[in-house]
Amino acid sequence: LVIKDLRGNVNSRLAKLDAGEYDAIILACAGLIRLDMGERIKEQLASEISLPAVGQGAVGIECRNDQPEVIALLQALACPDTTIRVSAERAMNAKLEGGCQIPIGSFAELNNDELRLRGLFASVDGKLVCQSEQTVSLIGDFAAQCEQATALGVAIAEELLSQGAGEILANVSID
């Protein structure tokens with residue numbers, strides 16, 4: 001394989017594929033489906049093959065913090081299961097100071113009251129790959145479960161740091 005950078009919005013990325021600049025590209029199925037381009041999906045990669053980016057596929061709504069009445073109205077649109085899963089993934093990413101410079105993947109799965117989080121952190125050259133997986137039983141109300149999910153994300157990040165992710169971070173130069 002020859003792996004090359006690919007930047008731009010979905011339309012420009014697909015145009016580069018169609019123009020023959022790439023033999024294949026990897027995009028989020030959720031994004032293509034949301035853009036009504038589901039027919040462009042040729043294969044879905046299982047999370048066992050490739051962990052997605054943090055929060056991949058979750059649709060988010062942003063609003064200002066200084067409008068509690070709008071926040072309250074938006075709560076009706078929130079999916080509790082997605083919120084719990086993304087809380088774990090985002091906590092891991094935040095602890096790792098994740099951005100676009102380092103390969104970081106995570107995938108949280110919620111099965112009844114069990115939350116499983118898998119995390120991956122790698123050097124840009126792929127020579128060092130750190131992986132961790134943990135499961136926690138969620139108890140209590142929704143707020144408590146979100147806190148437990150966040151703690152799980154931090155625990156995964158700490159495990160990745162202990163495997164060498166911290167060393168990789170210390171040597172990253174961000175342009």
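Here the structure is a predicted model, which is why all the values come from computation and not from measurement. Scope of the values below: all heavy atoms of this structure, side chains included, with no hydrogens, waters or symmetry mates.
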Q: Answer with yes or no whether the hydrophobic clustering places Leu128 together with Val124; edges join I, L, V, M, F, W, Y residues whose side-chain heavy atoms lie under 4.5 Å apart.
A: yes

**Q.** Same apolar cluster: Leu27 and Met37, side chain cutoff 4.5 Å
**A.** yes

Q. CG of Asp36: more than 12 outside heavy atoms within 6.0 angstrom?
A. no

(Q) Give me the atom names and distance for the closest heavy-atom approach of Ser87 to Ala149. (A) CB-CB, 4.2 Å

**Q.** Any side-chain heavy-atom pair of Glu158 and Lys95 under 4.5 Å
**A.** yes

Q.
I'd like to check Val129 versus Phe121 (side-chain heavy atoms, cut-off strictly below 4.5 Å). Are they in contact?
A. no

Q. How many angstroms lie between atom CD of Glu69 and atom SG of Cys63, to the nearest 0.5 angstrom?
A. 9.5 Å

Q | Glu21/Lys4 salt bridge by N-O under 4.0 Å criterion | A | no

Q.
More than 12 heavy atoms of other residues, nucleotides or ligands under 6.0 Å from CZ of Arg118: yes or no?
A. yes

**Q.** Distance-only side-chain donor-acceptor flag, Thr135 / Glu114, under 3.5 Å
**A.** no

Q. Do Leu17 and Leu45 belong to the same hydrophobic cluster, where Ile, Leu, Val, Met, Phe, Trp and Tyr are linked whenever their side-chain heavy atoms lie under 4.5 Å apart, directly or via other members?
A. no

Q.
Closer than 4.0 angstrom, basic N to acidic O: yes or no for Asp18 and Arg40?
A. yes

Q: Mark yes when over 12 heavy atoms from residues, nucleotides or ligands other than Ile26 sit less than 6.0 Å from its CD1; otherwise mark no.
A: no

Q: State the CD-CD1 distance between Glu147 and Ile84, to the nearest 0.5 angstrom.
A: 11.5 Å

Q: Sequence neighbours left out, what passes side-chain hydrogen bond (donor to acceptor under 3.5 Å, both in side chains) with Asp66? Give chain and number order.
A: Arg64

Q. Any donor-acceptor pair under 3.5 Å linking the side chain of Ser47 with the backbone of Leu51?
A. no

Q. What distance separates Cys130 SG from Ile156 CD1, expressed to the nearest 0.5 Å?
A. 12.0 Å

Q. Taking all non-hydrogen atoms of both residues, which atom of Arg13 and which atom of Gly8 are closest, and how far apart?
A. NE-O, 2.6 Å

Q: Only one of Val86, Leu117, Leu160, Asn93 passes side-chain contact (heavy atoms from CB on, under 4.5 Å) with Ser106; say which it is.
A: Leu117

Q | Over 12 foreign heavy atoms within 6.0 Å of CD1, Ile139 | A | no

Q) If you round to the nearest 0.5 Å, how far is CG of Leu73 from CD1 of Ile61? A) 11.0 Å

Q: Look at the side-chain heavy atoms of Ile, Leu, Val, Met, Phe, Trp and Tyr, link any pair under 4.5 Å apart, and say whether Val136 and Met92 land in one connected group.
A: yes

Q: Examine distances only and state if a side-chain atom of Gln145 and a backbone atom of Gly140 form a donor-acceptor pair shorter than 3.5 Å.
A: yes

**Q.** Atom pair CD1/CD of Ile49 and Glu43 - distance to nearest 0.5 Å
**A.** 7.0 Å

Q. Listed by chain and number, what are the side-chain hydrogen bond (donor to acceptor under 3.5 Å, both in side chains) partners of Ser12, not counting sequence neighbours?
A. Asn9

Q: With sequence neighbours excluded, tell me which residues meet side-chain hydrogen bond (donor to acceptor under 3.5 Å, both in side chains) with Gln163.
A: Glu159

Q. Counting heavy atoms not belonging to Gln44, are there more than 12 under 6.0 Å from its CD?
A. no

Q) Less than 4.0 Å between a side-chain N and a carboxylate O, is that true for Glu133 and Arg116? A) yes

Q) Are Phe107 and Val54 in one and the same hydrophobic cluster, where Ile, Leu, Val, Met, Phe, Trp and Tyr link if side-chain heavy atoms are under 4.5 Å apart? A) no

**Q.** For the student: nearest non-hydrogen atoms of Ile71 and Asn65, plus distance
**A.** CD1-O, 4.0 Å

Q. Does the side chain of Leu110 reach to within under 4.5 Å of the side chain of Thr82, using non-hydrogen atoms?
A. no

Q | Spacing of Ile102 atom CD1 and Ser123 atom OG [to the nearest 0.5 Å] | A | 8.0 Å

Q: Please step through side chain to side chain contact (heavy atoms under 4.5 Å, CB included) for the pair Val2 and Asp23, ending with a clear verdict.
A: CA-CA 10 Å; Val2 176; Asp23 293 322; over 6 Å; no

